[in-house]
Engineer: 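I'd like to ask some things about the structure below.
To find a chain, count down the sequence lines: A is the first, B the second, and so on, and within it residues start at 1.
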Protein chains: 2
Amino acid sequence: MKRNSRLSLALHTLGHMAGDPARVRTSADIAEHAGTNPVVVRRVLGKLREAGLLTSEKGHAGGLARGPEKITLADVYLALDESLVATGEQEVASACSVENILQIKVESVLEDIERSLVERLAATTIAEVRETGAVNHG
Amino acid sequence: MKRNSRLSLALHTLGHMAGDPARVRTSADIAEHAGTNPVVVRRVLGKLREAGLLTSEKGHAGGLARGPEKITLADVYLALDESLVATGEQEVASACSVENILQIKVESVLEDIERSLVERLAATTIAEVRETGAVNHG
DNA sequence: GATTGATGCAACAGAGAAAGTTACATTAGC
DNA sequence: GCTAATGTAACTTTCTCTGTTGCATCAATC
């Protein structure tokens, strides 16, 4: 697993759950399919559950809290506390006021981009991930 | 410096150059203002120069290859070889075909998002970064 | 109610990437 | 030629995230 593995893994996992809700999947099953560790899967699932997207129970595997067409990629993204564009830093590093203004403006622009990204993510649901036909293999 | 420092630092540097083209700025100057190392600045500048955005020369400091209103954030983003959303992995990890299709679809969706992000970045120029009035301080 | 199996969580080790640093050859300006 | 800045190549440090182990908790089954 490399960069952005959490988001990819989360979508992978949710796609599985959306495709076969009845089938009880353990974190070990998902981990094996995703080529990673059960604990890593549970960490991601923990974030999703914390955000109210999943209803996993301690004793056994849980499921989606709502239909896959009601869960957007933005929900997942925000649940994972991702911030791919904006840095989140607002600290003043320089004594030069011109420098500060420039720094603040750069941050401001990046935050705008971040918001646009979330809006774009909100336009796609888990259900669409499973149905998207843009498969360019071969 | 933390995450996304390259993009932030690049915009920071370009913003400086756009604001005062006549003033020769050394990488040491920029590094001091940005709170980082001259070599780190030169690494970022090297990428930008490689992409044709800058015309830095060995002996002394260079400048913007074109006007700041003609350089978009997408130019900078692509110059830095950033790929914030898409993972770039197309490898087949599982023997299960259903698994493969899901994996490919997830990647496909993430690449769509990545393209949307670049489009959004292309809508903003360096000149706008300096002029954006959305400064929400204090 | 005991057993089994999966979860949630914490702690630690390992890998990987990026920043930071040093060093040096190259080149423009004086 | 001298000075100063660049471009680049190592190397070290730092940090984040994955991978791993261990264990208490809780549900399902008998």
Engineer: Of the nucleotides C:dC9, D:dT6, C:dT7, which has the atom closest to the B:T26 side chain?
Structural biologist: D:dT6
Engineer: With the threshold set at 4.0 Å, does a side-chain nitrogen-carboxylate oxygen contact exist between B:R66 and B:D75?
Structural biologist: yes
Engineer: Of the nucleotides D:dA9, C:dA19, D:dT18, which has the atom closest to the B:V39 side chain?
Structural biologist: D:dA9
Engineer: Hydrophobic clusters here meaning ILVMFWY residues chained together by side-chain heavy-atom distances under 4.5 Å, can you tell me if A:L64 and A:L48 are in one?
Structural biologist: yes
Engineer: Closest to the B:R6 side chain: C:dA18, D:dT18, D:dG7?
Structural biologist: C:dA18
Engineer: Quick one: is C:dT21 close enough that its OP1 or OP2 comes under 4.0 Å of any side-chain N or O from B:R42?
Structural biologist: no
Engineer: Rounded to whole angstrom units, what separation is found between the CG atom of B:D29 and the C1' atom of D:dA5?
Structural biologist: 11 Å
Engineer: Is there a path from A:L78 to A:V129 through hydrophobic residues (I, L, V, M, F, W, Y) whose side chains come within less than 4.5 Å of each other?
Structural biologist: yes
Engineer: Picking from D:dT8, D:dT6, D:dT20, which would you name as closest to the side chain of B:S27?
Structural biologist: D:dT6
Engineer: Please say which of B:L121, B:L14, B:L7 ends up in a side chain to side chain contact (heavy atoms under 4.5 Å, CB included) with B:L73.
Structural biologist: B:L121
Engineer: Can you see which heavy atom on A:G15 is nearest to which on A:R130, and at what distance?
Structural biologist: O-NE, 2.9 Å
Engineer: Which of these nucleotides, D:dG7, D:dT20, C:dT7, is closest to any side-chain atom of A:V40?
Structural biologist: D:dT20
Engineer: When the distance from CG of B:L84 to P of C:dA18 is rounded to whole Å, what number comes out?
Structural biologist: 11 Å
Engineer: Using a cut-off of less than 4.0 Å, is there contact between a side-chain N or O of B:T36 and OP1 or OP2 of C:dA19?
Structural biologist: no
Engineer: Just to confirm, is there a sub-4.0 Å distance from OP1 or OP2 of D:dT18 to any side-chain nitrogen or oxygen of A:N37?
Structural biologist: no
Engineer: In whole Å, what is the span from the CD1 atom of B:I30 to the P atom of C:dG20?
Structural biologist: 15 Å
Engineer: How long is the line joining CD of B:E32 and C1' of C:dG20, in whole Å?
Structural biologist: 16 Å
Engineer: Using whole Å, what does the distance between atom C1' of nucleotide D:dA5 and atom CG of B:L45 come to?
Structural biologist: 13 Å
Engineer: With hydrogens left out and only the distance checked, is there a donor-acceptor pair under 3.5 Å joining A:R43's side chain and the base of D:dG19?
Structural biologist: yes
